[in-house]
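To keep things clear, I will list the structure first and then write my remarks on it.
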There are 2 protein chains.
Amino acid sequence: MKRITIADVAQHAKVSKSTVSQYLNKRYDYMAENTKQRIEEAIKELDYRPNIVARSLKQKSTMTVGVIVANILHSFSTQVIRAIEDFCHLQDFHLIVCNADDDPEKEKRYIEMLRAKQVDGIIIFPTGDNVELYQEIVQSNYPIMFVDRLVPEVPIPSVMLDNEKAAGLAVQHFVEKGYERIGIITNVIRNVTPRMERINGYKKVLKENGLSINEDYIRKMQVSCVQEALHDMLSLDEPIQAVLAGNDLTLMEILKYVKKHRIRVPEDLAIIGIDDVSFANFYEPALTIVEQPAFEIGKKAAELLLNKIQKKDVEEELDVYRFEPTLIVRQSS
Amino acid sequence: MKRITIADVAQHAKVSKSTVSQYLNKRYDYMAENTKQRIEEAIKELDYRPNIVARSLKQKSTMTVGVIVANILHSFSTQVIRAIEDFCHLQDFHLIVCNADDDPEKEKRYIEMLRAKQVDGIIIFPTGDNVELYQEIVQSNYPIMFVDRLVPEVPIPSVMLDNEKAAGLAVQHFVEKGYERIGIITNVIRNVTPRMERINGYKKVLKENGLSINEDYIRKMQVSCVQEALHDMLSLDEPIQAVLAGNDLTLMEILKYVKKHRIRVPEDLAIIGIDDVSFANFYEPALTIVEQPAFEIGKKAAELLLNKIQKKDVEEELDVYRFEPTLIVRQSS
DNA sequence: CTGTTAGCGCTTTCAA
DNA sequence: TTGAAAGCGCTAACAG
């Protein structure tokens, strides 16, 4: 069951390998109709399939890109991946998907493996902790994009949400609804930028509205401590009246707490979440949400990466592409 | 900025390419300590990284597997992919992920591309409509596994849920709770096996309990028509008292309807869903669910595939690996 | 219009 | 213990 190669086809069609190669690459320009047909037949009869690995070796291009996400189980990652896949598919690129689990070591190994595999470029949700490696990549002029997060030390373009605005939209809405004691809970994974930006946006809008900032109302922690934090903020002398969930996981923890303690939403506690969740519109009460355009973000990242790969060097090269969040007002706020 | 190769390293270390190759493959058995060190240094100084494509060409193994899912946005797919990735990672395999969108044409192109790319094996959520291609693959003895679905005509092992039992568990629970008019709604994509199996399980358990089967209570349709179907079943002279949602999307449609029409759950309508959903336990009421072990399914598929690839041909080769569903009783039933 | 030839970067006998 | 040489399957000048 020997794998059949271009040589077999050539022999079978009584032409040379190069002619077959021409045919395969659709360079029929000067090919005799007859030759073409013989090759076509030979291919069919032998059920020949080109070996792309060999081609890649020669051409120094694998037509594949690597994607390293923190965790594919997170729906934002999934959506971004899907968008990337769709875009790449149009240009016949494939995706190698890796989960770094927010572990810088794992991230590093994946980056190295992907480069060893000669993928043409990488899109990555960076942990932020491999600054040296990132630098190296930039210097070697290898196509790479960041998504969702920013690594200030490194000149690699990022495609991400305008996080400050996202938090700001939510807070502004709360303020307009008359809430004054507004809390924010985010879960923190290392010192990744989005969390900070969201908190900044929160503070900024409070200030703009002449409200004071109470550090007791600002909590960063792991997902497992969210309920506790919420409990604290509701037990203060001046308990919060509204809370902004920094992401979907945090939101879900808040909802669990709310259910357990029979807290009325929004009467006792108004809630807004950042990140869309599948159940937002049929939850009771329907959830007010700040949505991020995951698909556009993924698509943009893919587009920019493929441009780089294909050297369509659109000179400019912004450093950060910010996408607009959207506030979807429902019943929980 | 020329890419540096094994030849450069050899030259730099003043040894031959083959010696370097030995070194890279950790065949130090008979290598002089001194040689080893020189090579090590050369590699470091030149910042050499092996080109895996070249190696793959020679070794006829790319250490990567292809995964073709219907849609990565579906959380079951995501979980399976994650499990596959984790397992493969342990053995240094990588994943190329593709979305076939339940489109047989797309599936076909992906299968062909993946083989052309010389991936060592494929795991696929089959559309079921490329029987010829599947046959061909089997005959060429190429490592492949099906997940989630079965294609009866083709002897490719499948890893999947015991769907009949999943539906059965739910129905049995309804019956024990005293419901007699029980409906089932599934969304149908071609004539893929799981849907049928679930309906069979539903019927079987009804019969076992001496209940009659009312075809008006059995509906297969696209997601967009679920609400309408539910409406019908609730408007019958003998309206249903309980409904089984065939998957998560169907469940969500049902919940939307329920909210819109202020139907009390479970008093007016009891609900059970197949497939876990993130909000099951904090929804109001908390949702009774039949869970499928997505991770085990993914892991098993990966394990079996890698076994095949590595020719650990565990003789036996079952055709179908069925996984047990779990009923999680909460408040909606 | 088609064939010859020389690699791409690595592995792997086989000799030395 | 190390090196020379052939070859994996394909592409791309360059001849003819």
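So that the names make sense, note that chain A is the first sequence line, chain B the second, and so on, each numbered from 1.
For the pair B/K17 NZ and C/dG9 C1', the computed distance is 7 Å after rounding to whole Å. Here C/dG9 presents its P atom at 9 Å from CD of A/Q118, a figure rounded to the nearest Å. One can place CZ of A/R38 at 8 Å from P of C/dT2, the figure rounded to the nearest angstrom. Rounded to an integer number of Å, the gap from CD of A/Q11 to P of D/dC10 is 14 Å. Atom P of nucleotide D/dG9 and atom CD1 of A/I4 are separated by 11 Å, given to the nearest angstrom. Summarising the geometry, the separation between CG on A/L46 and C1' on D/dG9 is reported as 15 Å, rounded to the nearest angstrom. In this structure, CG of B/D8 is placed 10 Å from C1' of C/dG9, rounded to the nearest angstrom. Between the P atom of D/dC8 and the CD1 atom of B/I6 lies a distance of 18 Å, rounded to the nearest Å.
Residues forming a side-chain contact (heavy atoms from CB on, under 4.5 Å) with A/A7 (at least two apart in sequence, or on another chain): A/T5, A/K17.
A/I6 is not listed as a side-chain neighbour of A/N51, based on a closest heavy-atom distance of 4.5 Å or more.
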>> Evaluate B/Q91 against B/Q310 for side-chain hydrogen bond (donor to acceptor under 3.5 Å, both in side chains), listing each step before the verdict.
In response: CA-CA 11 Å; B/Q91 316 219 19; B/Q310 292 153 1; 3.3 Å; yes
> Is there a salt bridge (Lys or Arg N to Asp or Glu O under 4.0 Å) between B/D101 and A/R82 once you walk through the steps?
Replying inline: CA-CA 11 Å; B/D101 285 324; A/R82 173 73 212 219; 2.8 Å; yes
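Between the side chain of A/Y134 and the backbone N or O of A/G128 there is at least one donor-acceptor pair closer than 3.5 Å. At least one donor-acceptor pair under 3.5 Å links the side chain of B/E107 to the backbone N or O of B/T127. Judged by distance alone, the side chain of A/S56 and the main-chain N or O of A/S61 form a donor-acceptor pair under 3.5 Å. Between the side chain of A/R49 and the backbone N or O of B/A116, no donor-acceptor pair lies under 3.5 Å.
The shortest distance between the side-chain N/O atoms of A/Y23 and the OP1/OP2 oxygens of D/dT11 is not below 4.0 Å. OP1 or OP2 of C/dT11 sits under 4.0 Å from a side-chain N or O of B/N25.
A donor N or O paired with an acceptor N or O is not found under 3.5 Å between the base of D/dA12 and the side-chain atoms of A/S21. Residue A/S18 places a side-chain atom within donor-acceptor reach of the base of C/dT4, judged by atom type and a 3.5 Å distance cut-off alone.
Closest-nucleotide positions on DNA chain D for A/R55 and B/S16 were compared, and the one nearer the 5' end corresponds to B/S16.
Relative to the six-membered ring of A/Y142, A/R115 meets both conditions, a distance below 6.0 Å and an angle of at most 45° to the axis. A cation-pi arrangement is absent between A/R149 and A/F125 under the rule of less than 6.0 angstrom and at most 45 degrees off the ring axis.
DNA chain D is contacted by A/K58, A/Q59 of residues 56-63 of chain A, taking any non-hydrogen atom closer than 4.0 Å.
When the nucleotides D/dC10, C/dC1, C/dC10 are ranked by their closest atom to the side chain of A/T35, C/dC1 comes out on top. When the nucleotides C/dG3, D/dG3, C/dA6 are ranked by their closest atom to the side chain of B/V15, D/dG3 comes out on top.
Each end of the helix from C/dC1-D/dG16 to C/dA16-D/dT1 gets its own axis from five base pairs, and the two axes differ in direction by 40°, given to 10 degrees.
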